[in-house]
Amino acid sequence: MSLDPLLSPLPPETTPELADDFAVFIDILGFIPNSLLTMQRKPEMVKGFAALTKGVMGEGSVVDGGFKRLIAHFASRAAGCQYCEAHSLIAAGIHGISDEKVAAVWEYKTSPLYTEAERVALDFALAAGSVPNAVDAQLMAAMREHWGEQEIVEILGAVSLYGFLNRWNDSMATEIESSPKTLGDDVLAKGGWTGGKHVK
């Protein structure tokens with residue numbers, strides 16, 4: 001179900017003062033995402049989102065940065081945003097998650113590449129990314145069993161960060177870039193990923 005984007009991305013040089021903010025996302029993804037090139041019509045939003053991204057995903061974290069991107073992937077899967085599913089998974093690979101673990105993302109419940117703590121956190125991401133929210137007492141207890149307080153804050157931070165992006169990109173029908181589309185076709189398609197409204 002392809003759609004034309006609600007608004008088209010603008011060239012990065014449209015807003016020179018965002019160069020440092022765009023650089024945050026070049027570091028994360030290897031390119032500036034179309035979502036931010038569209039969002040730059042309100043530069044303060046890009047700056048605010050870049051600051052929040054650094055706070056959630058940046059240095060000084062207890063939870064592994066690559067794993068946080070897997071958390072974001074599962075939250076985006078729950079929300080149904082195929083743009084963010086592919087983006088978060090390509091970022092997971094860039095930030096240290098092995099190709100084998102990325103390829104086994106659909107089998108996380110049974111793959112020996114995933115620990116029990118990781119399975120619980122990914123279940124949590126699916127529940128927290130759902131509408132209505134599906135986090136229950138049993139899942140909370142499992143999280144407390146495997147993760148400390150700061151770790152739980154960081155995990156839910158990744159879910160919440162991508163909650164904004166899920167709404168933005170699905171409502172905008174942001175066109176997906178070539179590298180995340182390739183990863184989606186190669187890895188996610190076996191689980192039903194098509195790119196949806198984000199592929200022309």
Side-chain angles (χ1 to χ4, degrees), residues 1-58 65-66 68-95 97 102 105 125 128-131 157-200:
M1 178 193 63
S2 174
L3 292 175
D4 288 331
L6 184 59
L7 296 174
S8 298
L10 300 174
E13 57 272 15
T14 302
T15 319
E17 65 267 29
L18 292 179
D20 289 344
D21 303 288
F22 287 151
V24 170
F25 299 95
I26 293 171
D27 180 60
I28 292 170
L29 289 166
F31 58 90
I32 305 169
N34 285 333
S35 53
L36 295 178
L37 294 176
T38 302
M39 195 185 298
Q40 72 178 306
R41 290 172 169 87
K42 179 74 171 173
E44 296 85 355
M45 284 180 64
V46 175
K47 287 185 172 294
F49 188 73
L52 183 60
T53 299
K54 286 194 283 188
V56 172
M57 298 292 194
K68 282 192 197 177
R69 272 74 182 193
L70 284 182
I71 292 289
H73 169 77
F74 277 74
S76 299
R77 186 188 296 184
C81 180
Q82 296 194 49
Y83 181 91
C84 292
E85 284 182 58
H87 268 234
S88 53
L89 204 56
I90 202 166
I94 290 170
H95 292 271
I97 300 297
V102 167
V105 72
S130 297
V131 177
V159 171
S160 301
L161 179 74
Y162 269 75
F164 176 87
L165 289 174
N166 297 157
R167 299 299 186 273
W168 180 272
N169 289 305
D170 259 355
S171 299
M172 194 67 72
T174 307
E175 184 176 357
I176 197 164
E177 304 82 2
S178 61
S179 56
K181 181 182 182 304
T182 298
L183 180 139
D185 290 339
D186 291 347
V187 174
L188 295 176
K190 66 182 178 181
W193 188 93
T194 64
K197 64 174 72 173
H198 306 286
V199 177
K200 286 191 174 181

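Heavy-atom basis, side chains included; hydrogens, waters and symmetry copies ignored.
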Here the pair of heavy atoms bringing G66 nearest to A92 is O-CB, 3.7 Å

S76 and N166 have their tightest heavy-atom pair at OG-ND2, 3.0 Å

Sorted by chain and number, sequence neighbours left out, salt bridge (charged side-chain N to carboxylate O under 4.0 Å, His left out) with D170 holds for none

Applying side chain to side chain contact (heavy atoms under 4.5 Å, CB included) to I94 and not counting sequence neighbours gives none

The side chain to side chain contact (heavy atoms under 4.5 Å, CB included) partners of S171 (sequence neighbours excluded) come to none

(request) Would you check, one step at a time, whether the test side-chain contact (heavy atoms from CB on, under 4.5 Å) holds for R69 with I28? (result) CA-CA 10 Å; R69 272 74 182 193; I28 292 170; 3.5 Å; yes

**Q.** Flag, side chain of E85 to backbone of W193, donor-acceptor distance under 3.5 Å
**A.** no

Residue set satisfying side chain to side chain contact (heavy atoms under 4.5 Å, CB included) with A128, at least two apart, ordered chain then number -> F124, N133, V135, L156, V159

Residues at least two apart in sequence or cross-chain that pass salt bridge (charged side-chain N to carboxylate O under 4.0 Å, His left out) with D185, listed by chain then number, are K181

Sequence neighbours excluded, the answer for side chain to side chain donor-acceptor pair (under 3.5 Å) partners of K190 is none

In short, V56 meets A158 closest at the heavy-atom pair CG1-N, 3.6 Å

Set out, in order, the CA-CA distance, both residues' side-chain angles and the distance that settles side-chain contact (heavy atoms from CB on, under 4.5 Å) for Y162 and I71, then state yes or no. CA-CA 9 Å; Y162 269 75; I71 292 289; over 6 Å; no

- Item | Pair L6-T38, side-chain contact (heavy atoms from CB on, under 4.5 Å): steps then yes or no | CA-CA 10 Å; L6 184 59; T38 302; over 6 Å; no

The salt bridge (charged side-chain N to carboxylate O under 4.0 Å, His left out) partners of E177 (sequence neighbours excluded) come to none

Interatomic distance, CE@M57 vs NZ@K68, rounded to 0.5 Å, equals 6.5 Å

Between the CG atom in L36 and the CD1 atom in I26, the distance rounded to the nearest 0.5 Å is 10.5 Å

Shortest non-hydrogen pair, R167 vs A79, comes out as NH1-CB, 4.3 Å

Requested in this report: Please say whether more than 12 non-hydrogen atoms of neighbouring residues, nucleotides or ligands are located less than 6.0 Å from CZ in R41.
Outcome: yes

Here the salt bridge (charged side-chain N to carboxylate O under 4.0 Å, His left out) pairs for residues 10-20, sequence neighbours left out, are none

Given the options I176, L183, T182, P180 meets side chain to side chain contact (heavy atoms under 4.5 Å, CB included) only with I176

So the ring-ring contact (aromatic ring centres under 6.0 Å, His included) pairs with at least one residue in residues 68-93 (sequence neighbours excluded) are F31-H87, F74-Y108, Y83-H87, Y83-H198

| message | Would T194 and V199 count as a side-chain contact (heavy atoms from CB on, under 4.5 Å) here? Give the steps. | response | CA-CA 8 Å; T194 64; V199 177; over 6 Å; no

Closest non-hydrogen atoms of L18 and P43, given as atom of the first, atom of the second and distance, are CD2-O, 3.7 Å

Sequence neighbours excluded, the answer for side chain to side chain contact (heavy atoms under 4.5 Å, CB included) partners of K54 is V24

**Study point:** Side-chain donor/acceptor of S160 to backbone N/O of G157, under 3.5 Å
**Key:** no

Of all heavy-atom pairs linking P11 and Q40, the shortest is O-NE2, 3.2 Å

T174 meets the side chain to side chain donor-acceptor pair (under 3.5 Å) criterion, sequence neighbours left out, with N169

With sequence neighbours left out, the residues meeting ring-ring contact (aromatic ring centres under 6.0 Å, His included) with F22 are none

Value for OG1 (T15) from CG (D21), rounded to nearest 0.5 Å, stands at 10.0 Å

Where the side chain of E175 meets the backbone of N34, is there a donor-acceptor pair that is under 3.5 Å apart? no

